[in-house]
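The structure under discussion appears below in the form of structure tokens.
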Amino acid sequence: MAARKAPEKSNVSKDDLLKYYREMLLIRRFEEKAGQLYGMGLIGGFCHLYIGQEAVVVGLEACTKDGDKRLTSYRDHGHMLACGMNANGVMAELTGREGGYSKGKGGSMHMFSKEKHFYGGHGIVGAQVPLGAGLAMSDWYRGNDNVTFTYFGDGAANQGQVYESYNMAELWKLPVIFVIENNGYAMGTSMKRSTKSVSFFGRGAAYGIQGEQVDGMDVLAVKAAGEKAVAHCRAGKGPYILEMMTYRYRGHSMSDPAKYRTREEVEKIKQEKDCIEHVRDLLTQGGLASEDELKAIDKDIKDIVNASAEFAKDSPEPALSELWTDIYA
Amino acid sequence: MARMTMIEALRSAMDVKLADDPSVIVFGEDVGYFGGVFRCTAGLQAAYGEERVFDTPINESAIVGMAVGMAAQGMRPCVEIQFADYVFPAYDQISQEAARLRHRSNGQFTCPLVVRMPTGGGIFGGQTHSQSPEALFTHVAGLKVVIPSNPYDAKGLLIAAIEDPDPVIFLEPKRLYNGPFNGDHSGKSTPWSAHPAGEVPEGHYAIPLGKAELRRAGRDVTVLAYGTMVHVAEAAVAEAGVDAEIIDLRSLLPLDLDTIRASVEKTGRCVVVHEATRTSGFGGELIAEVQEACFWHLRAPLIRIAGWDAPYPHAQEWDYFPSPARIARALRKVMEE
């Protein structure tokens, strides 16, 4: 197995690198904890972990400003943590408790935060894509320069609604960034078994939408591409497509035996491409941070995640009356 | 007072709301420049501009999906699906996004959205331009479902729907757009200008959702109907010569069970009428509700008259469409008990 390549020298500041390191590590440790709680029976139903893909959402969140919006599919825990939602509230939603962001009404796939402009995890593959275009349309209508990050996977990228949205978004020059998180597998179906095109971003050309493929395992590459896309949208030039080439280490959901790929394939990516190790190397090999500094961050993250697990275990079950609240005004 | 067709009344409702609320926008296929396939939005783009009244590509799913995104940000989209038969690609967005956004976000986001669509038969539209899909929407918690039977109600209900904080499916009986229809397809059609409910105020008024309207008071049997069938039921009652009470439901969800209960407790008999296919139609729900609420007052088994369990026909439309004669037979039958 090939060793990790030495990182190229970066001119990114220490503070920024530490921020990315911290945010990606929070997602990874949070997801590992969620996996444990699932194994213990504290989380039921569906649980789709983001482990491996952290650089995508952390790099893009670094390009946002207040009022920007984001929404995604059911693999949504990372997006929520990255936009600043509280780990306790996310974990307690996973355990279906009163303290969860949706008071247990949503569960893993369906959480929202008005405060953080997070318009949801959505459980239906591709259904969030026109919603994202609609959010962008309201910003356009109100005349501000906010953008909407509409995330979806390579599986969703074959849904018809996506292309309906592309056409409308370009027709009306809507400030929406379509972020395709291409982790190579639509559940258990690899891209080569489902998709004739060699890329997904290239399909935007049919609608006149600019886009590019990005190394989604490299947070700096993600950030650079994100800045370009955001500038395009804020300037009123319409939508932009970012195809993030990424990889999920865990199964599609907790019940996935992952027979559709080899262990070697997964190990090779972990060894050569891991997004957290990449930033760790930049920090340590560049002499920007000591092991002790990073250990202090690791401990801090561990404390946050452990506290969220405790909170999610201790938070009470929602009252039965919640079954009947928030159905109508 | 002005006299309006249902088309003009609906247009007037959108006009009133576009004028008094900048968050209201109107869009759909052919809605802007062309003014809508049935002309419901004619002139609105000229009056309010292309940013507020506009055409979309033929993409029902994304039309509703975008509207959900806009509504989640506090706008009030009123979108048109050109025929109710075209709504199926958007069913996912309506039932799983619009209807449930409020609940699954614990009330953080809401969806004040209206989806208008012409519904029902009577115009020789065949399988894909005649259907009545109301039961697909009444089956979804989080939606409201409205169907007017005349211009006055159409305007007041549409204004209420646009002002409602929740998603409303607004079904417009297309056979009633230009005049009431009593089921006599060979007779001369009457215009709304000759009907009292064609008198429509110019300005703002709202009819609360969830309130039925008594169309005819009677002692012997309650007829529950909505949309075009209200007028067909009136003809049937005259033909059967029974003293029937006709209730125009107007809102199917929420349902005005109080009005229904009060009537059936008085008459002890009930006939339910709709155009939609009989099996699993909304009539089944009405009969279940009446049975649960009024069982000890009933003097006869409940009867429903509905479209047959067949694809909506073309040539045989008038064999399929519930006729005054079929409804009259049902009325006589319940009176035998």
Side-chain angles (χ1 to χ4, degrees), chain A residues 69 71 93 100-107 109-115 117-142 148 150 159-169 171-172 174 176 318 322-329, chain B residues 22-23 25 27 50-52 54-77 79 89-90 92-113 140-144 164-168 209-210 253-254:
Chain A
K69 295 160 189 68
L71 76 173
E93 189 63 32
Y101 266 99
S102 291
K103 272 196 187 172
K105 289 167 182 158
M109 298 182 278
H110 314 113
M111 270 179 267
F112 299 79
S113 169
K114 192 163 193 173
E115 182 200 353
H117 304 289
F118 180 72
Y119 284 77
H122 293 264
I124 302 297
V125 175
Q128 76 276 17
V129 179
L131 268 68
L135 291 169
M137 184 159 224
S138 332
D139 281 327
W140 169 84
Y141 184 76
R142 288 172 174 156
T148 297
T150 302
Q159 281 274 25
Q161 300 194 53
V162 171
Y163 300 95
E164 297 185 11
S165 305
Y166 279 6
N167 183 46
M168 292 187 191
L171 182 66
W172 298 319
L174 303 180
V176 53
E322 289 296 336
L323 183 62
W324 300 109
T325 61
D326 298 314
I327 297 173
Y328 296 100
Chain B
S23 67
I25 65 171
F27 58 97
E50 290 179 11
E51 292 189 359
R52 299 190 65 200
F54 56 90
D55 299 313
T56 65
I58 302 175
N59 296 143
E60 288 80 8
S61 178
I63 290 169
V64 176
M66 289 207 32
V68 175
M70 298 165 88
Q73 271 220 64
M75 294 187 67
R76 291 186 178 269
V79 305
D92 182 34
Q93 288 293 342
I94 292 172
S95 64
Q96 311 213 78
E97 300 292 339
R100 299 177 189 158
L101 188 61
R102 178 187 291 276
H103 188 71
R104 70 169 175 251
S105 70
N106 194 41
Q108 291 186 78
F109 293 113
T110 62
C111 192
L113 158 70
V140 179
L143 296 180
K144 295 182 179 177
D164 197 89
D166 288 307
V168 180
L209 307 187
L253 195 65

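Below, chains carry the letters A, B, ... as their sequence lines are ordered, and counting in each starts from 1. Below, each value reflects all heavy atoms present in this structure, side chains not excepted, and no hydrogens, waters or symmetry copies.
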Give the member of [options] that has the highest number of heavy-atom pairs under 4.5 Å with chain A.
| options | answer |
| --- | --- |
| B:R102, B:R52, B:Q93, B:M75 | B:R102 |
| B:K144, B:M70, B:R100 | B:M70 |
| B:A62, B:S23, B:P112 | B:A62 |

Options [options], ranked by heavy-atom pairs under 4.5 Å with chain B, top entry:
| options | result |
| --- | --- |
| A:H117, A:E322, A:R142 | A:R142 |
| A:S165, A:G104, A:S113 | A:S113 |
| A:V162, A:L71, A:D139 | A:D139 |
| A:G106, A:G120, A:P130 | A:P130 |

Quick one: list whatever passes side-chain contact (heavy atoms from CB on, under 4.5 Å) with B:H103, sequence neighbours left out.
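If we apply the side-chain contact (heavy atoms from CB on, under 4.5 Å) test to B:H103, skipping adjacent residues, the hits are A:K105, A:D326, A:I327.
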
Looking at every non-hydrogen atom in both residues, tell me the closest pair between B:F109 and A:F118 and how far apart they are.
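Distance-wise, the nearest heavy atoms are CE1-O, 3.5 Å.
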
With rounding to the nearest 0.5 angstrom, report the [atom1] to [atom2] distance, [X] to [Y].
| X | Y | atom1 | atom2 | answer |
| --- | --- | --- | --- | --- |
| A:L131 | B:C111 | CG | SG | 8.0 Å |
| A:M168 | B:F27 | CE | CZ | 8.0 Å |
| B:T56 | A:E164 | OG1 | CD | 9.5 Å |
| B:N59 | A:Y166 | CG | OH | 14.0 Å |

Which bit of [X] comes within less than 4.5 Å of chain A, counting heavy atoms only: side chain, backbone, both or neither?
| X | result |
| --- | --- |
| B:A67 | neither |
| B:I58 | neither |
| B:S105 | both |
| B:Q96 | side chain |

Looking at B:P57, is its backbone amide N or carbonyl O close enough to the side chain of A:N167 to form a donor-acceptor pair, meaning the two atoms are under 3.5 Å apart?
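Flag not set: sc A:N167 to bb B:P57 has no pair under 3.5 Å.
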
With side chains defined as the heavy atoms from C-beta onward, is the minimum distance between B:M66 and A:L135 less than 4.5 Å?
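Not touching, per the 4.5 Å side-chain cut-off.
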
Would you check if A:Y101 and B:N106 make a side-chain contact, meaning some heavy-atom pair closer than 4.5 Å?
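A:Y101 does not reach B:N106 side chain to side chain.
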
Show your working on side chain to side chain contact (heavy atoms under 4.5 Å, CB included) between B:D92 and A:Q161 and close with a plain yes or no.
CA-CA 11 Å; B:D92 182 34; A:Q161 300 194 53; 3.6 Å; yes

Residues that B:E60 engages under salt bridge (charged side-chain N to carboxylate O under 4.0 Å, His left out), provided they are two or more places apart:
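B:E60: no salt bridge (charged side-chain N to carboxylate O under 4.0 Å, His left out) contacts found.
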
Determine, step by step, whether A:K69 and B:Q73 satisfy the side chain to side chain contact (heavy atoms under 4.5 Å, CB included) criterion, reporting the C-alpha distance in whole Å, the side-chain angles of both residues, the deciding distance to 0.1 Å, and the verdict.
CA-CA 10 Å; A:K69 295 160 189 68; B:Q73 271 220 64; 3.1 Å; yes

Before giving the answer on side chain to side chain contact (heavy atoms under 4.5 Å, CB included), spell out for A:E115 and B:Q108 the whole-Å C-alpha distance, their side-chain angles and the decisive distance to 0.1 Å.
CA-CA 9 Å; A:E115 182 200 353; B:Q108 291 186 78; 5.9 Å; no

The test is side chain to side chain contact (heavy atoms under 4.5 Å, CB included); show your working for B:D164 and A:Y328 and say whether it passes.
CA-CA 10 Å; B:D164 197 89; A:Y328 296 100; over 6 Å; no

